[in-house]
Amino acid sequence: MSWPDLHDTKMAKKKYYAVAAGRNCGIYTDWATAEKQVKGFAGAKYKSFPTREEASAWLEDPIYKKKESSQNSKQEAGVFAPGQQEDSDAVIVYTDGGSINNPGPGGYGVVIEEDGKRQELSGGFRYTTNNRMEMMAAIVALRKLRSCGRKIIIYSDSSYLVNGIAKGWVRKWRRQGWKKSDGQPVLNVDLWKDLLDLLEEKKVSFTWVKGHAGNELNERCDRLAVSAARQPGSPADIVYEAMDNGAENRDQRTV
């Protein structure tokens, strides 16, 4: 998730308009501007979403799909409501990540509950993105549990992360040579590869949870991530900085 400043803020509900094919592609927060990108544009492709994360996830693979109408179809996709698909022997993991002003200083937070004990992990980078920190949180958790032979359930409020794994998008992208359905290159390939390697080793399910909705462990992960993003002297996200042409002044950024 993106943090506009160092403090949690409440924002009015609004829609996010993802334009995958239009005059200027991207995510817009008002329909008037989004409409200008698609009106009269041959082959325009766009869709509205309640959250920026969902809009961003759809842009990674902009395909119109029929709405799933049954709980069974959701279970087949691997996205479950909290409490479902849990078993008493599973290791429960909550993860969160984000960056200030996206891109900007970022952090991730992890809470692992195993056999009645809780572990907390966090870290950050001086210049990165929301999605990379959401993914890094899951990677750090799975690395920590590398020797765990039990089922692992990861709860995240990132649609980008959960859908990428649970709906099979990332494996399809890999088969397509890391290209999306529209032929565009997939972002964050380095982290997707790390995740796939870790997932080969164990039984893991990803479950989406709503962020900032009073879920104790989700809220704790958010606080850990925000705190990590604030820390001075964080290391570089080398892969992202190498790709980002607008990062010339990143060393002067403060948090």
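For the single chain, residues carry numbers from 1 onward in sequence order.
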Novice: I need the single residue from Ile153, Leu224, Asn215 that forms a side-chain contact (heavy atoms from CB on, under 4.5 Å) with Tyr94. Which is it?
Specialist: Asn215

Novice: Might you point out which heavy atoms bring Tyr16 and Arg52 nearest each other, and give the distance in Å?
Specialist: CD1-N, 3.4 Å

Novice: Work out which heavy atom in Glu219 is nearest to a heavy atom in Gly214; give both atom names and the distance.
Specialist: OE2-N, 3.5 Å

Novice: Quick check: closest heavy atoms across Ser122 and Ala228, and the distance to 0.1 Å?
Specialist: CB-CB, 4.4 Å

Novice: If you measure from CE on Met135 to OG on Ser158, what distance do you get to the nearest 0.5 Å?
Specialist: 8.5 Å

Novice: Determine yes or no for a side-chain-to-main-chain donor-acceptor pair under 3.5 angstrom, with Lys47 supplying the side chain and Ala20 the backbone.
Specialist: no

Novice: Is any side-chain heavy atom of Pro103 less than 4.5 Å from a side-chain heavy atom of Tyr240?
Specialist: yes

Novice: Check ring-ring contact (aromatic ring centres under 6.0 Å, His included) between Tyr28 and all other residues, then give those that pass, not counting sequence neighbours.
Specialist: none

Novice: side-chain contact (heavy atoms from CB on, under 4.5 Å) between Tyr108 and Val140: does it pass, once the steps are laid out?
Specialist: CA-CA 9 Å; Tyr108 60 83; Val140 167; 3.7 Å; yes

Novice: List the atom of Ala90, the atom of Arg150, and the distance in Å for their closest heavy-atom pair.
Specialist: O-NH2, 4.1 Å

Novice: Please walk me through it: do Asp89 and Lys151 pass side-chain contact (heavy atoms from CB on, under 4.5 Å)?
Specialist: CA-CA 7 Å; Asp89 192 49; Lys151 179 179 179 180; over 6 Å; no

Novice: Would you compute the distance between atom CD of Gln176 and atom CZ of Arg174 and round it to the nearest 0.5 angstrom?
Specialist: 12.0 Å

Novice: Does the Lys202 side chain pair with the main chain of Arg146, one donor and one acceptor, at a distance under 3.5 Å?
Specialist: yes

Novice: What heavy-atom pair brings Arg132 and Leu191 nearest, and what distance separates the two atoms?
Specialist: O-CD1, 3.6 Å

Novice: Any side-chain donor-acceptor pair under 3.5 Å between Asn218 and Asp157?
Specialist: yes

Novice: So how far is it from Ile112 CD1 to Leu217 CG, rounded to the nearest 0.5 Å?
Specialist: 11.5 Å

Novice: For Thr51 and Glu54, work out which heavy atoms get closest and say how close.
Specialist: OG1-OE1, 2.9 Å

Novice: Using a 4.5 Å cut-off on heavy atoms from C-beta on, say whether the side chain of Asn24 contacts that of Val19.
Specialist: no

Novice: Whether the side chain of Asp182 engages the backbone of Gln184 through a donor-acceptor N/O pair (distance < 3.5 Å, no angle test) should be reported.
Specialist: yes

Novice: Could you pull out all residues at least two apart from Arg118 that satisfy salt bridge (Lys or Arg N to Asp or Glu O under 4.0 Å)?
Specialist: Glu113, Glu216

Novice: Val110 vs Glu120, test: side-chain contact (heavy atoms from CB on, under 4.5 Å). Steps then yes/no.
Specialist: CA-CA 6 Å; Val110 177; Glu120 295 184 349; over 6 Å; no

Novice: For the atom pair OG1 (Thr128) and CG (Asp237), what is the distance rounded to the nearest 0.5 Å?
Specialist: 4.0 Å

Novice: Can you tell which of Val204, Val170, Leu161 makes a side-chain contact (heavy atoms from CB on, under 4.5 Å) with Leu195?
Specialist: Leu161

Novice: Can you confirm whether the side chains of Gln231 and Ser234 place a donor and an acceptor under 3.5 Å from each other?
Specialist: no

Novice: I'd like to know whether Asp244 forms a side-chain contact (heavy atoms from CB on, under 4.5 Å) with Thr129, so could you lay out the CA-CA distance, the side-chain angles of the two residues, the decisive distance to 0.1 Å, and finally the verdict.
Specialist: CA-CA 11 Å; Asp244 181 45; Thr129 69; over 6 Å; no

Novice: Measure the shortest side-chain to side-chain distance between Phe125 and Met136 over non-hydrogen atoms and say whether it is less than 4.5 angstrom.
Specialist: yes

Novice: Nearest 0.5 angstrom please: Lys36 NZ to Arg23 CZ, how far?
Specialist: 11.0 Å

Novice: Side chains of Ser99 and Asn130: is there a donor and an acceptor less than 3.5 Å apart?
Specialist: yes

Novice: Quick one: which of Trp192, Phe206, Trp208 gives a ring pair (Phe, Tyr, Trp, His ring centres under 6.0 Å) with Tyr160?
Specialist: Trp192

Novice: Could you tell me the separation between the CD1 atom of Ile139 and the CG atom of Asp190, rounded to the nearest 0.5 Å?
Specialist: 7.5 Å

Novice: Under the 3.5 angstrom rule, does the side chain of Glu60 hit a backbone N or O of Ser56 as a donor-acceptor pair?
Specialist: no

